[in-house]
Chemist: 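Here it is, the structure in full.
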Amino acid sequence: MTVPILDLSRSFGEIKPEVFSALERIFNAQSFILGQEVKTFEAHCDSYLGVPEGSCVGCASGTDALLLALMSCDVHAGDEVITTPFTFFATSGTIARLGAVPVFADVDAETYNINIEEAMTKITPKTKIFLPVHLFGQMTPIEGVISEFHGRGILTVEDTAQAFGAVRFSDGGILRAGTLGDVGCYSFFPTKNLGGCGDGGMVLSRDPERAERLRRLRVHGSGTTYYHDEIGINSRLDAIQAAILDIKLKHLASWNEERRKIADYYKLLLKANDLHEFVSAPVELEGNNHIYHQYVVRVKSKRDELMNYLNAEGFAVRVYYPLPLHLQPCFKYLGYKAGDFPVSERLSREVLALPVFPGLKAEEQEALISAMRKFFRK
Ligand SMILES: *Cc1c(COP(=O)(O)O)cnc(C)c1O
């Protein structure tokens, strides 16, 4: 048996006729950039995420979403942005692209998300932004600190690239990933929970003025065509991506629910196979509705041997992420060294992502876990 880390074709069948008719509509119209398809999708995102009309602004990628978000917060050279070293590169790459300084705080060992108390200790007079990541589909519980950051003149930008549709229940309310801070940043890279058929992204701001500014920034800072109020970038969502994402959005809740069921079954299988002394299942923080963009376990020892064994047996398992950002060669100038963020460093040696996607079969999960059992108990 071979089990891929992700097989998008298994969910594509459900939407294929609708996608092909949308493509025909777009090719008949021959209108490809922004336009009505993007407006419709943005409006549906506003209602899906429960934010005022006009809050969601499509753009070209999750990376651009972060860049646009930081630009809309006037982040300039020398400003400091507090963020996590245990994430995909783009989170910090965009900070550095603006000449700003990523200031790292270590993560929580159980959720892999930024340790908020440690983040608070990194505040300096130069801090402009707090940039948490909702990693692997689970929200960072930031609801209590946003106003505290505001009180110190610091805005919050959420990296929601892996968590479109993740929610958190707090004080009787429902909090949606990407809608709590000043700007939320989403990615529609094909492998994300809501993924297009190419690059795509979105920024969200509940502040209408900031949302308007984000709309200008994505078209070279121009409010009226050929008149430029400020210097922006070229970062537009295209009609084909928007139409396909709009179709997929209707399935997202059930697909995310399916990921949760797969996660529950992995947890059960790990327990039933007595693997908990070797492998620990991911922890869902109290109040969180984790949508398992990735199902990431921790392997206490021999992670790489296990990974190589499983890959050789036909089970695609992967490491996200093998080197924390503070130790990346390109960030050497920031002056960090090994040992600075022990939790992140330990996670990079212990984490292992197992396949999780709509359409993954119970037999496939069972076969993978028995291969794991064979490895540890041979
Ligand atoms: C995917 C991802 C991004 C970047 O999104 P792209 O659409 O690939 O540019 C940013 N941050 C995180 C945490 C991601 O997983």
Side-chain angles (χ1 to χ4, degrees), residues 5 62-63 66 70 75 77-124 126-138 140 142 157 159 161-162 277-283 285 293-311 317-354 375-376:
I5 189 80
T63 303
L66 289 161
L70 296 174
V75 170
D79 292 340
E80 293 179 358
V81 178
I82 299 173
T83 190
T84 160
F86 192 68
T87 174
F88 178 60
F89 179 76
T91 315
S92 279
T94 46
I95 298 167
R97 277 282 289 109
L98 292 169
V101 184
V103 173
F104 297 117
D106 211 348
V107 296
D108 176 84
E110 294 207 312
T111 64
Y112 318 145
N113 279 326
I114 194 165
N115 178 326
I116 293 173
E117 285 93 76
E118 187 170 325
M120 303 297 290
T121 69
K122 305 288 173 172
I123 297 174
T124 77
K126 290 182 177 171
T127 307
K128 196 109 181 213
I129 306 285
F130 171 51
L131 206 175
V133 179
H134 305 303
L135 200 70
F136 302 144
Q138 158 150 256
T140 310
I142 54 174
V157 172
D159 184 338
Q162 303 188 358
E277 61 178 286
F278 307 107
V279 175
S280 40
V283 174
L285 190 72
H293 170 60
Q294 299 294 348
Y295 186 84
V296 177
V297 299
R298 285 172 61 181
V299 186
K300 279 153 207 157
S301 68
K302 298 197 197 157
R303 191 269 317 268
D304 288 343
E305 290 95 318
L306 173 66
M307 174 172 67
N308 294 338
Y309 172 80
L310 290 173
N311 285 340
V317 291
R318 299 280 182 269
V319 172
Y320 311 117
Y321 296 91
L323 186 64
L325 298 186
H326 67 287
L327 300 178
Q328 295 288 344
C330 68
F331 287 139
K332 205 163 182 169
Y333 71 94
L334 294 173
Y336 292 105
K337 58 185 186 322
D340 284 347
F341 303 106
V343 180
S344 299
E345 292 167 30
R346 193 169 89 229
L347 288 176
S348 66
R349 289 189 298 269
E350 295 185 354
V351 289
L352 190 65
L354 312 186
F375 175 83
F376 284 113

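Since this is a predicted model, take the numbers as computed values, not measurements.
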Chemist: How close do Ala96 and Tyr333 get, heavy atom to heavy atom, and via which atoms?
Modeler: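 Reported closest heavy-atom pair: CB-OH, 3.7 Å.
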Chemist: Considering non-hydrogen atoms only, spot the tightest contact between Ala100 and Pro102 and give its length.
Modeler: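 Closest approach of Ala100 to Pro102, heavy atoms only: O-CD, 3.7 Å.
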Chemist: Could you pull out the closest heavy-atom pair between Ser344 and Val107, with the gap in Å?
Modeler: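 For Ser344 and Val107, the tightest heavy-atom pair comes out as OG-CG2, 3.6 Å.
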Chemist: Which heavy atom of Ile142 sits nearest to which heavy atom of Pro132, and what is that distance?
Modeler: CG2-CG, 3.9 Å
Chemist: Mind checking whether Tyr320 and Phe136 have parallel, tilted or perpendicular rings, split at 30° and 60°?
Modeler: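 Tilted.
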Chemist: Taking atom CZ of Arg318 and atom CD1 of Ile5, what is their separation to the nearest 0.5 Å?
Modeler: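 One gets 6.0 Å once the value is rounded to the nearest 0.5 Å.
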Chemist: If you compare all heavy atoms of Ala119 against all heavy atoms of Phe130, which two are closest, and at what distance to 0.1 Å?
Modeler: CB-CE1, 3.8 Å
Chemist: If you count heavy atoms of other groups shown closer than 6.0 angstrom to CD of Glu110, is the number above 12?
Modeler: no
Chemist: Within the 4.5 Å heavy-atom criterion, are Val297 and Leu352 side-chain neighbours or not?
Modeler: yes
Chemist: Report yes if some heavy atom in the side chain of Phe341 is under 4.5 Å from a heavy atom in the side chain of Leu325; otherwise report no.
Modeler: no
Chemist: Between the side chain of Glu345 and the main-chain N/O of Ala338, is any donor-acceptor distance below 3.5 Å?
Modeler: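 No: the side chain of Glu345 does not pair with the backbone of Ala338.
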Chemist: Do any N or O atoms from the side chain of Thr127 and from the backbone of Glu80 form a donor-acceptor pair under 3.5 angstrom?
Modeler: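 No, Thr127 side chain to Glu80 backbone: no donor-acceptor pair under 3.5 Å.
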Chemist: Could you walk me through whether Val319 and Val351 satisfy the side-chain contact (heavy atoms from CB on, under 4.5 Å) test, starting with their C-alpha distance in whole Å, then the side-chain angles of each, then the deciding distance to 0.1 Å, before giving a yes or no?
Modeler: CA-CA 6 Å; Val319 172; Val351 289; 4.2 Å; yes
Chemist: Should we count NZ of Lys300 as having more than 12 external heavy atoms under 6.0 Å?
Modeler: yes
Chemist: Under 6.0 Å between ring centres, would you say that holds for Phe89 and Tyr321?
Modeler: no
Chemist: Measure from the side-chain N and O atoms of Arg349 to the backbone N and O of Arg303, and report whether any donor-acceptor pair falls under 3.5 Å.
Modeler: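 Absent.
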Chemist: Thr91 and side-chain hydrogen bond (donor to acceptor under 3.5 Å, both in side chains): which partner among Thr84, Thr83, Asp159?
Modeler: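 Checked Thr84, Thr83, Asp159 against Thr91; only one passes side-chain hydrogen bond (donor to acceptor under 3.5 Å, both in side chains): Asp159.
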Chemist: Between atom CD1 of Ile82 and atom CD1 of Ile114, what is the distance when rounded to the nearest 0.5 Å?
Modeler: 7.5 Å
Chemist: So, taking the atom named CD1 in Ile95 and the one named CD1 in Ile129, what distance separates them when rounded to the nearest 0.5 Å?
Modeler: 9.0 Å
Chemist: Output, in order, the C-alpha distance, side-chain angles, deciding distance and verdict of side-chain contact (heavy atoms from CB on, under 4.5 Å) for Val317 and Asn311.
Modeler: CA-CA 6 Å; Val317 291; Asn311 285 340; 3.6 Å; yes
Chemist: After noting the C-alpha distance and the side-chain angles of Leu306 and Phe278, does the key distance pass the side-chain contact (heavy atoms from CB on, under 4.5 Å) rule?
Modeler: CA-CA 11 Å; Leu306 173 66; Phe278 307 107; over 6 Å; no
Chemist: Check whether Gln294 reaches the backbone of Gln162 with its side chain - one donor and one acceptor, N or O, closer than 3.5 Å.
Modeler: no
Chemist: Might you work through the side-chain contact (heavy atoms from CB on, under 4.5 Å) test for His134 and Thr140, ending with a clear yes or no?
Modeler: CA-CA 5 Å; His134 305 303; Thr140 310; 3.6 Å; yes
Chemist: What are the two closest non-hydrogen atoms of Val296 and Ala353, and how far apart are they?
Modeler: CG2-CB, 4.0 Å
Chemist: Does Glu305 offer a backbone N or O that forms a donor-acceptor pair with the side chain of Asn308 under 3.5 Å?
Modeler: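 A pair under 3.5 Å: no.
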Chemist: Would a distance-only check, ignoring hydrogens and angles, find a side-chain to backbone donor-acceptor pair under 3.5 Å from Tyr336 to Phe104?
Modeler: yes
Chemist: As an exercise, state the distance from NZ of Lys337 to CG of Leu334, rounded to the nearest 0.5 Å.
Modeler: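 Between Lys337 NZ and Leu334 CG, I get 13.5 Å after rounding to 0.5 Å.
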Chemist: Taking Arg346's backbone N and O only, do any of them form a donor-acceptor pair with Arg298's side chain (distance below 3.5 Å, no angle check)?
Modeler: no
Chemist: Calculate, to the nearest 0.5 Å, the distance between atoms OH and CG belonging to Tyr112 and Leu135 respectively.
Modeler: 9.5 Å
Chemist: Hey, is the main chain of Asp106 close enough, under 3.5 Å, to the side chain of Glu118 for a donor-acceptor pair?
Modeler: yes
